Amino acid sequence: MNDGGVTLPWQVIRQDDSGNRYRVGRYATRDEAQRIADSFEDRRHKQLYWVERIGQRTG
């Protein structure tokens with residue numbers, strides 16, 4: 001998937017206390033996605049955040 005011709009292969013995923021997973025956003029680079037995930041964690045959100053490449057599945 002892309003946004004206006006720009007490839008966005010990295011996504012930030014959030015998992016809530018019930019185990020539900022949601023995509024927070026898509027990003028052009030892993031570093032950009034990681035900064036977003038870190039910013040949520042820095043604000044002490046209680047959910048779990050991580051970065052993954054589109055098409056990559058986590059267990």
Side-chain angles (χ1 to χ4, degrees):
M1 178 185 254
N2 61 50
D3 186 13
V6 177
T7 301
L8 303 173
W10 294 96
Q11 60 186 350
V12 174
I13 303 295
R14 174 179 69 99
Q15 183 172 311
D16 65 20
D17 294 339
S18 298
N20 299 309
R21 296 177 181 184
Y22 305 93
R23 180 171 46 212
V24 173
R26 294 181 66 155
Y27 305 92
T29 66
R30 188 183 198 301
D31 287 340
E32 181 183 16
Q34 190 63 58
R35 281 193 305 272
I36 297 300
D38 291 346
S39 73
F40 282 113
E41 289 181 355
D42 289 346
R43 289 185 252 171
R44 306 218 188 266
H45 285 247
K46 293 182 181 181
Q47 290 82 16
L48 175 64
Y49 294 88
W50 69 90
V51 172
E52 65 183 35
R53 190 168 181 88
I54 301 295
Q56 172 186 332
R57 301 302 299 188
T58 59

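In this text, all values refer to a predicted model and were calculated from it rather than measured experimentally.
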Contact summary for Trp10 and Ile54, nearest pair of heavy atoms: N-CG1, 4.2 Å

Nearest-0.5 Å distance, CZ of residue Arg43 to OH of residue Tyr49: 8.0 Å

Sequence-distant partners of Arg30, side-chain hydrogen bond (donor to acceptor under 3.5 Å, both in side chains), two or more places apart: Gln34

Nearest heavy-atom neighbours spanning Ala28 and Pro9: O-CD, 3.7 Å

Nearest non-hydrogen partners of Val51 and Val12, listed with the distance: CG2-CG2, 4.3 Å

Step-by-step side-chain hydrogen bond (donor to acceptor under 3.5 Å, both in side chains) determination, Arg21 to Gln15: CA-CA 4 Å; Arg21 296 177 181 184; Gln15 183 172 311; 3.0 Å; yes

Partners passing side chain to side chain contact (heavy atoms under 4.5 Å, CB included) against Asp16 (at least two apart in sequence or in another chain): Arg14, Ser18, Asn20, Tyr22, Gln47

Residues which pass side-chain hydrogen bond (donor to acceptor under 3.5 Å, both in side chains) with Asp31, listed by chain and number, not counting sequence neighbours: none

